[in-house]
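A short write-up of the structure that comes next.
Just so it is clear, the values below take in all heavy atoms, side chains as well, and ignore hydrogens, waters and symmetry mates. To find a chain, count down the sequence lines: A is the first, B the second, and so on, and within it residues start at 1. Just so it is clear, the structure is predicted and the values come from calculations on it, not from any experiment.
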Amino acid sequence: MNMIASMPLSQSELHSDPGAAVSVRNLTRSFGGPAILDQITFSIAPGEFVALLGRSGSGKSTLLRTLAGLDPAPPETLTVPAARAVVFQEPRLLPWKRVWKNVALGLRMPDAKAKALDALAEVELQHRVEAWPLTLSGGEAQRAALARALVREPKLLLLDEPFASLDALTRMRMQALVASLWQAHKPAVLLVTHDVDEALLLADRVLVLIEGKIGIDTQIPLDRPRHASDPGFSTLRTKLLASLGVQG
Amino acid sequence: MSGFALQRSASGLPAVTTAKAKGRGSWNQRLRRAYVPLGILAIWQAGYALGWIPSQSVPPPSAIALAAWQLAITGQLADNILVSLERVAIGLGIGVAAGTVMALIAGLSRLGEDSIDPTLQMLRTLPHLALIPLMIMWFGIGETPKLTLIALGSLFPIYLNLFAGIRGADRKLREAANTLGLSPLETIINVVLPAALPNFLTGLRQAFGIAWITLVVAEQINASAGIGYLVMNARDFLRTDIIFVGLSIYAILGLLTDQSVRLLETTLLAWRPSFLKDATR
């Protein structure tokens with residue numbers, strides 16, 4: 001019994017990089033049809049910002065949900081930190097709890113309120129802590145969701161297209177905010193997006209999911225802070241867009 | 001979008017928002033809303049004075065007011081109102097409690113749903129007032145059949161609304177709660193039940209309405225006290241004025257309970273967009 005139980009564990013340890021924040025080994029997911037994720041293997045280093053690109057339906061959200069623990073996966077295929085937090089495309093704040101209570105929700109510590117207020121100040125929402133979530137603008141609500149994730153001091157921050165439903169100007173401000181928060185706290189980040197520019201602006205490394213496999217895994221060797229007019233940006237952009245089937 | 005969930009839960013009670021919005025007019029507007037009812041009373045009274053309306057079938061407002069006053073000073077009015085209120089309170093209390101417990105069991109577990117829901121859905125189609133003959137045979141003509149009927153009538157709106165509310169709680173919010181490390185019980189307390197609260201209050205309003213209707217019918221079966229008794233007694237003595245007093249009291253009590261649930265809604269659901277809009281207007 002003991003032998004059998006320990007078998008897959010020791011096997012997985014062989015493949016996993018012990019220093020990685022996240023490691024995924026031969027993860028396969030399918031919903032009855034062809035595999036959405038087909039034998040995926042990759043790892044994320046502590047503090048590394050990884051963007052995951054892919055067309056819609058390519059399985060990028062499935063991968064994120066699996067890492068978040070929302071979809072089941074065999075334990076031997078996955079090593080993720082216990083301290084992880086998710087920001088979804090929608091803020092998903094509980095409308096019947098004031099903003100700070102949403103941020104403090106599930107925090108099991110005596111000074112949870114102070115922590116929540118600090119996190120809200122960090123996303124520049126200190127003036128809205130007592131507001132009802134439904135009175136927030138889209139950008140404010142998403143910043144509250146970001147504060148709710150950060151207050152948990154995650155080792156892994158999962159961002160599921162968090163800027164997709166924001167207007168263009170708000171999106172740019174949010175991207176800058178996420179970049180600075182990441183630099184201040186240095187969690188490992190997996191950002192799921194379909195926006196190549198966003199990936200190039202924020203990430204250390206870009207993965208592209210193509211037909212259930214990681215088709216491209218490339219470092220982004222650009223200096224920060226980045227700008228779309230930087231040299232090298234457009235070359236990478238063209239290459240990534242081509243991998244997504246768009247002639248740039 | 002979270003907005004989706006909110007709109008859905010907010011759409012449960014459109015009547016509340018409109019009524020509240022109207023209620024927030026200036027004094028002039030409020031007065032304007034009283035013109036028509038006051039006008040009807042005036043025409044009614046004038047019709048009596050001019051001999052157009054036979055006072056034996058339709059007594060004038062002045063006679064109804066006088067009858068109410070006479071019943072009030074002898075203490076009969078308050079005594080009978082209290083008896084009726086007590087019946088509604090006990091019957092509704094039992095019905096709401098039972099409906100809530102059943103909705104929680106059926107809403108929170110599939111096993112509970114399979115055990116409870118089919119039976120309740122079948123019983124729901126049976127008009128509960130049709131049970132009166134059985135009730136009388138089983139429980140006699142005392143308080144028990146009246147309370148049982150009120151409890152039965154108010155159980156279903158609570159059960160149906162709360163069950164739907166629990167099942168309708170946004171899956172996305174439950175998922176978010178899961179990623180925040182909430183236990184299943186904490187998720188029920190923080191996410192599922194607050195999400196179902198608007199439905200519960202809708203159910204409560206409907207339950208109050210049904211409770212009053214049931215009371216009216218139940219009190220006409222051999223009651224020895226209560227508003228229904230007052231009315232039935234008045235019929236025997238051809239006192240149409242007292243019958244009108246009884247009708248007015250039913251109407252006033254129904255209105256007051258409805259208002260009290262609305263008050264409950266504005267306090268408990270202060271986070272909802274409709275109430276927020278009113279607050280900032």
Side-chain angles (χ1 to χ4, degrees), chain A residues 61 64-72 80 82-99 101-109 112 116 130-138 141-142 144-145 147-154 156-161 164-166, chain B residues 1-13 17 162 165-166 168-202 264-281:
Chain A
S61 284
L64 180 135
R65 291 176 58 84
T66 310
L67 293 184
L70 292 173
D71 285 349
V80 284
R84 52 189 198 266
V86 191
V87 178
F88 299 94
Q89 184 176 337
E90 328 78 33
R92 300 200 188 183
L93 301 171
L94 300 180
W96 41 82
K97 285 189 183 291
R98 304 217 178 243
V99 168
K101 286 207 166 179
N102 262 287
V103 174
L105 191 66
L107 280 188
R108 287 167 229 281
M109 50 181 74
E130 290 288 346
W132 294 114
L134 292 181
T135 62
L136 301 181
S137 70
Q142 204 56 319
R148 183 176 65 177
L150 282 174
V151 78
R152 275 142 243 277
E153 293 169 9
L156 171 64
L157 178 60
L158 297 159
L159 305 174
D160 190 3
E161 306 198 30
S165 49
L166 301 175
Chain B
M1 294 291 302
S2 65
F4 163 70
L6 307 165
Q7 271 161 18
R8 183 158 44 64
S9 49
S11 69
L13 295 164
T17 60
L162 186 57
I166 289 172
D170 192 0
R171 192 180 56 83
K172 290 184 165 186
L173 290 183
R174 280 188 278 132
E175 246 177 38
N178 183 359
T179 67
L180 298 176
L182 296 196
S183 70
L185 181 65
E186 285 171 319
T187 305
I188 289 171
I189 292 168
N190 287 294
V191 183
V192 178
L193 295 185
L197 187 59
N199 299 64
F200 174 79
L201 291 172
T202 308
L264 213 58
E265 280 171 342
T266 44
T267 37
L268 292 178
L269 308 180
W271 52 269
R272 295 211 314 192
S274 51
F275 295 128
L276 291 169
K277 240 178 266 159
D278 282 342
T280 53
R281 188 175 290 164

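- The nearest pair of heavy atoms linking G106(A) to L182(B) is CA-CD2, 3.5 Å.
- With values rounded to the nearest 0.5 angstrom, R152(A) atom CZ is found 4.5 Å from L180(B) atom CG.
- In this structure, the side chain of W96(A) does not engage the main chain of L268(B) through any donor-acceptor pair within 3.5 Å.
- Between the CZ atom in R148(A) and the OG1 atom in T179(B) there is a gap of 6.5 Å [rounded to 0.5 Å].
- Heavy atoms closer than 4.5 Å to chain A are found in both the backbone and the side chain of N190(B).
- R92(A) and A176(B) make their closest contact through CB-CB, 3.9 Å (heavy atoms, listed as atom of the first residue, atom of the second, distance).
- To the nearest 0.5 angstrom, W271(B) atom CH2 is 13.0 Å from T135(A) atom OG1.
- Both the backbone and the side chain of E175(B) come within contact range of chain A, each with at least one heavy atom under 4.5 Å from a heavy atom of that chain.
- Counting non-hydrogen atoms of other residues, nucleotides and ligands closer than 6.0 Å to NZ of K101(A) gives a total of 12 or fewer.
- Contact check for E186(B) versus L105(A): no side-chain heavy atoms found under the 4.5 Å cut-off.
- If you measure heavy-atom distances from R65(A) to chain B, the contacts under 4.5 Å come from the side chain alone.
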